[in-house]
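Take a look at the structure set out below.
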Amino acid sequence: MRALVVTAVGAESDSVLTGLTPHPDSPGPESRTLPGGYLITRRDLPGIAFDVLVGGVGPAAAAAGTATALALAEYGLVVSAGIGGGFAPAAPVGSLVVADAIVAADLGAQTPDGFVDVASLGFGRSVHLPPAELAARAAEATGALLAPVLTVSTVTGTADGAAVLAARHPMAGAEAMEGFGVAEAAAAHGLPVLEIRAVSNAVGPRDRAAWRIGDALAALAEGFRVLGPVLANWGEHHEQHRGRG
């Protein structure tokens with residue numbers, strides 16, 4: 001199977017590739033630039049090939065980058081990966097969250113009665129569901145929290161904002177800016193999607209001194225070190241099932 005992993009920035013891509021490197025003396029990965037200037041890097045593991053794409057920040061950029069890559073090659077799975085904010089206390093700094101739902105948390109309309117999501121407005125969908133078995137396996141293997149991951153266009157920076165999101169999505173584990181965009185592109189190509197986030201900060205007041213980006217990137221690398229075989233195994237069984245269908 002061939003999987004596309006989409007990150008927002010190069011540091012996240014580097015961490016994913018570090019995790020997918022079997023041992024220090026492995027041959028260097030192959031990088032190339034796609035139309036639009038998107039950097040994509042290939043890493044082959046037993047049973048699975050990964051293309052790791054730097055897709056850009058935010059849902060629109062992520063959707064555009066993902067769609068570009070999917071138009072140029074055949075894939076069996078798309079993964080949105082990177083760092084993000086965690087909802088305390090369930091997702092502390094340095095932990096991992098695997099999405100059981102990818103939610104467009106601020107796509108909709110404000111009304112006198114509160115926020116109405118885009119699906120309720122009748123203009124599309126606001127949630128993508130990763131394959132339940134795959135998400136559960138990925139969470140178990142990595143020790144991650146299995147919970148909804150929220151996609152926002154503006155990251156939360158106040159206690160009030162965090163409280164509003166938590167009230168609207170009480171089971172949420174993390175927020176980030178790209179997952180729903182990646183999922184929309186994957187769905188357009190009929191492909192399953194997964195999202196994994198390493199927590200660099202708590203969702204709430206913006207306090208850069210409390211951010212632990214290095215710890216989160218290290219956790220992301222460790223997560224992908226474990227995920228490689230899990231995704232390869234899932235891909236094998238998924239392909240066999242499709243073949244019998």
Side-chain angles (χ1 to χ4, degrees), residues 1-9 12-13 15-17 19-20 29 32 34-36 38-45 47-84 96-104 125-139 142 144 146 148-151 174 176-198 220 223-224 227-239 241-242:
M1 186 180 75
R2 189 174 182 181
L4 177 67
V5 181
V6 185
T7 70
V9 297
E12 294 168 329
S13 175
S15 289
V16 170
L17 289 165
L20 295 176
R32 65 190 190 280
L34 302 184
Y38 300 104
L39 181 67
I40 193 167
T41 304
R42 183 177 176 116
R43 169 64 78 186
D44 293 334
L45 293 180
I48 189 168
F50 288 94
D51 284 343
V52 183
L53 174 75
V54 181
V57 175
T66 304
T68 297
L70 293 179
L72 297 173
E74 292 188 6
Y75 294 95
L77 175 68
V78 182
V79 183
S80 177
I83 65 176
L96 294 172
V97 180
V98 169
D100 60 6
I102 301 170
V103 182
R125 58 195 156 199
S126 57
V127 179
H128 287 278
L129 298 177
E133 181 182 2
L134 174 60
R137 286 184 183 180
T142 59
L146 183 63
V149 175
L150 310 183
T151 300
M177 299 180 72
E178 293 80 33
F180 191 81
V182 172
E184 280 283 280
H189 285 259
L191 294 173
V193 66
L194 186 69
E195 183 171 11
I196 181 168
R197 292 288 163 181
L220 186 65
F224 270 87
L227 270 181
V230 173
L231 299 184
N233 181 265
W234 180 84
E236 179 181 355
H237 289 284
H238 184 64
E239 291 297 323
H241 179 74
R242 288 205 305 178

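The chain is numbered in sequence order, starting from 1.
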Minimum heavy-atom distance [X]-[Y], with the two atoms named:
| X | Y | value |
| --- | --- | --- |
| Leu45 | Gly228 | CD1-CA, 4.1 Å |
| Ala101 | Leu129 | CB-CD2, 3.8 Å |
| Tyr38 | Ala64 | OH-CB, 3.6 Å |
| Pro131 | Trp234 | CG-CZ2, 4.1 Å |
| Ala183 | Ile102 | CB-CD1, 4.3 Å |
| Leu53 | Gly65 | CD2-O, 3.3 Å |

Can you tell if the side chain of [X] reaches within under 4.5 Å of the side chain of [Y], non-hydrogen atoms only?
| X | Y | result |
| --- | --- | --- |
| Arg137 | Asn233 | yes |
| Pro192 | Leu134 | no |
| Phe50 | Val16 | no |
| Met177 | Thr151 | no |
| Glu195 | His128 | no |
| Val149 | Val97 | yes |
| Phe224 | Thr142 | no |
| Leu227 | Ile196 | yes |

Between Arg197 and Ser80, does any side-chain donor sit less than 3.5 Å from a side-chain acceptor?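 Note: Arg197 and Ser80 side chains meet the donor-acceptor criterion.
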Sorted by first residue and then second, give each salt bridge (Lys or Arg N to Asp or Glu O under 4.0 Å) pair with at least one member in residues 49-69; sequence neighbours left out.
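Salt bridge (Lys or Arg N to Asp or Glu O under 4.0 Å) check on residues 49-69 returns Arg2-Asp51.
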Residue pairs fulfilling salt bridge (Lys or Arg N to Asp or Glu O under 4.0 Å) with at least one residue in residues 56-73, sequence neighbours excluded: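 Sorted result for residues 56-73: empty, none.
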[X] side, atom [atom1]; [Y] side, atom [atom2] - distance, nearest 0.5 Å:
| X | Y | atom1 | atom2 | answer |
| --- | --- | --- | --- | --- |
| Thr7 | Leu220 | OG1 | CG | 8.5 Å |
| Leu72 | Ile40 | CG | CD1 | 8.5 Å |
| Arg42 | Leu4 | CZ | CG | 11.5 Å |

(Q) As a quick check of understanding, evaluate side chain to side chain contact (heavy atoms under 4.5 Å, CB included) for Phe180 and Val103, giving each step before the final call. (A) CA-CA 6 Å; Phe180 191 81; Val103 182; over 6 Å; no
Task: Worked check of side chain to side chain contact (heavy atoms under 4.5 Å, CB included) between Val182 and Val78 - done: CA-CA 8 Å; Val182 172; Val78 182; 3.5 Å; yes
| Has the side chain of Glu12 got a donor or acceptor atom that lies under 3.5 Å from a matching backbone atom of Ile83? |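 Answer holds: yes.
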Self-check item: Check: Glu178 side chain, Gly58 main-chain N or O, donor-acceptor pair, under 3.5 Å
Solution: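 Yes: the side chain of Glu178 pairs with the backbone of Gly58.
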- Item | Full working for side chain to side chain contact (heavy atoms under 4.5 Å, CB included) between Met1 and Leu77 | CA-CA 8 Å; Met1 186 180 75; Leu77 175 68; 4.0 Å; yes
Discussion item. Applying side chain to side chain contact (heavy atoms under 4.5 Å, CB included) to Leu17 and Thr41, what does each step give before you reach the verdict?
Written reply: CA-CA 8 Å; Leu17 289 165; Thr41 304; 3.7 Å; yes
